[in-house]
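Input: a single structure, listed below in structure tokens.
Just so it is clear, the model here is predicted, and its values are computed rather than measured.
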Amino acid sequence: MEFPFDVDALFPERITVLDQHLRPPARRPGTTTPARVDLQQQIMTIVDELGKASAKAQHLPAPITSALRMQSNRHVIYILKDTSTRPAGKGAIIGFLKVGYKKLFVLDDREAHNEVEPLCILDFYIHESVQRHGHGRELFQHMLQKERVEPHQLAIDRPSPKLLKFLNKHYNLETTVPQVNNFVIFEGFFAHQHRPPTSSLRATRHSRAAVADPIPAAPARKLPPKRAEGDIKPYSSSDREFLKVAVEPPWPLNRAPRRATPPAHPPPRSSSLGNSPDRGPLRPFVPEQELLRSLRLCPPHPTARLLLATDPGGSPAQRRRTSSLPRSDESRY
């Protein structure tokens, strides 16, 4: 890839390493130094164009490498320059390799989760016109020596089929460990991973005290086995049978509630206080005229007759009616 400025003057070495600051490398002695802002702007232009070319080669919707992403992350980019003679005399860029450390949760051979922070291959691109000429291997090998890692210790972010073939051809990386994320690791990744740090002084002191004076642990309580979860039902079979056969409550709770409108033929009322209107009266109903006639024919009580005889306000007719009664009837009371 060619640019309108002098790449040879910007990158004096064949492989240039840039960090997140994107600062130009040290100048050769005796060369003129242009403005520092212009050099950094040229480096940002190169990084942006390389990211676009890589995204186009991998059929990605957007570039994953740019100057803005480099400045916001602690990544390192290795840029490979073409040292062959060019007619324009400004040099060209062959490709780049971007790496960085990331915290990942990966699965091992036993499908156990492990929190690691390996060096990850984030983007790798060699121009199509110079592929299969050993430039990719040269750039990759320089990165391994600079970072002091082995190929099987790397984690690759969404590798393309070309990158997988490249790793298999040059580094015999073929068997992968399946993961649930976009990263790919190969067999032997966990062989040289660092173990977690040793326990602190306080934890070591507690462990020594536990060995010197062991405390018997409480017996573990066995919990009942968990029942298998099934479909939630509103009622059980016994509840449904109970709802079908309803038990009638005792009287008078089993009576229907009194309606607001009176019935067409209401039942006769009872003269007794202890009787229910629903059950009806215990005695037959006596009309009012017959009741009054029976009261007139009923002989008076001796006490009532004595009161009437001594009452001066009593009527003569009532006195005669009382005195004309036969003695046989009076003796009955």
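Residue pairs meeting the side chain to side chain donor-acceptor pair (under 3.5 Å) criterion with at least one partner in residues 118-130, sequence neighbours excluded, are S54-D123, Q58-D123, T65-D123, Y125-E128, H127-S129. Residue pairs satisfying the side chain to side chain donor-acceptor pair (under 3.5 Å) criterion with at least one member in residues 173-182, sequence neighbours excluded, are absent. Screening residues 100-110 for side chain to side chain donor-acceptor pair (under 3.5 Å) gives D108-N114 as the qualifying pairs, with residues at least two apart or on separate chains.
Distance check, rounded to the nearest 0.5 Å: CG of D48 to CE of M70 gives 11.0 Å. With values rounded to the nearest 0.5 angstrom, I43 atom CD1 is found 11.5 Å from D38 atom CG. Here the CG-CE distance, from L97 to M143, works out to 5.0 Å after rounding to the nearest 0.5 Å. Atom-to-atom distance recorded for K52:NZ and L50:CG is 11.0 Å, nearest 0.5 angstrom. Of the inter-residue distances, the one linking D82 atom CG with D8 atom CG reads 8.5 Å to the nearest 0.5 angstrom. If you take NE2 on H75 and CG on L122, they are separated by 5.0 Å, rounding to the nearest 0.5 Å.
Looking at T16 and K81, their side chains never come closer than 4.5 Å, going by heavy atoms from C-beta outward. Side-chain contact between F183 and V106 is absent, with no heavy atoms from C-beta onward closer than 4.5 Å.
P151 approaches L173 most closely through the heavy-atom pair O-CD1, 3.7 Å. Of all heavy-atom pairs between P63 and R69, the closest is O-NE, 3.8 Å. The shortest non-hydrogen separation linking Q40 to Q71 is NE2-NE2, 4.4 Å. Scanning all heavy atoms of the two residues, the minimum distance from G95 to I126 falls at CA-CD1, 4.1 Å. Nearest heavy-atom pair, L104 versus C120, reported as atom, atom and distance to 0.1 Å: CD1-SG, 4.0 Å. Residues G188 and H152 come closest through the heavy atom pair O-CD2, 3.2 Å.
With sequence neighbours left out, Q20 forms a side-chain contact (heavy atoms from CB on, under 4.5 Å) with R74. Listed by chain and residue number, nothing satisfies the side chain to side chain donor-acceptor pair (under 3.5 Å) test with D19 (two or more places apart in sequence, or in another chain). Under the rule for a side chain to side chain donor-acceptor pair (under 3.5 Å), the partners of R14 that lie at least two apart in sequence or sit in another chain are T83, H135, E138. Residues forming a side-chain contact (heavy atoms from CB on, under 4.5 Å) with F3 (at least two apart in sequence, or on another chain): M1, F5, V7, I46, E49, I93. With sequence neighbours left out, the side-chain contact (heavy atoms from CB on, under 4.5 Å) criterion links V76 to V17, Y78, V99. Not counting sequence neighbours, N73 has no partner by the side chain to side chain donor-acceptor pair (under 3.5 Å) test.
Atom NE2 of H21 sits in a crowded spot, with more than 12 heavy atoms from other residues, nucleotides or ligands closer than 6.0 Å.
Apart from L107 itself, the hydrophobic cluster it occupies contains V180, where clustering links Ile, Leu, Val, Met, Phe, Trp and Tyr at side-chain heavy-atom distances under 4.5 Å. Alongside I64, the hydrophobic cluster contains L60 (criterion: ILVMFWY side chains under 4.5 Å).
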| query | For L154 and F140, what are the C-alpha separation, side-chain angles and deciding distance, and is it a side-chain contact (heavy atoms from CB on, under 4.5 Å)? | reply | CA-CA 12 Å; L154 300 172; F140 204 91; 3.7 Å; yes

Got a list of side-chain donor-acceptor pairs under 3.5 Å for residues 161-171, not counting sequence neighbours?
from, atom 1, to, atom 2, distance (Å)
Y171, OH, Q141, OE1, 3.0

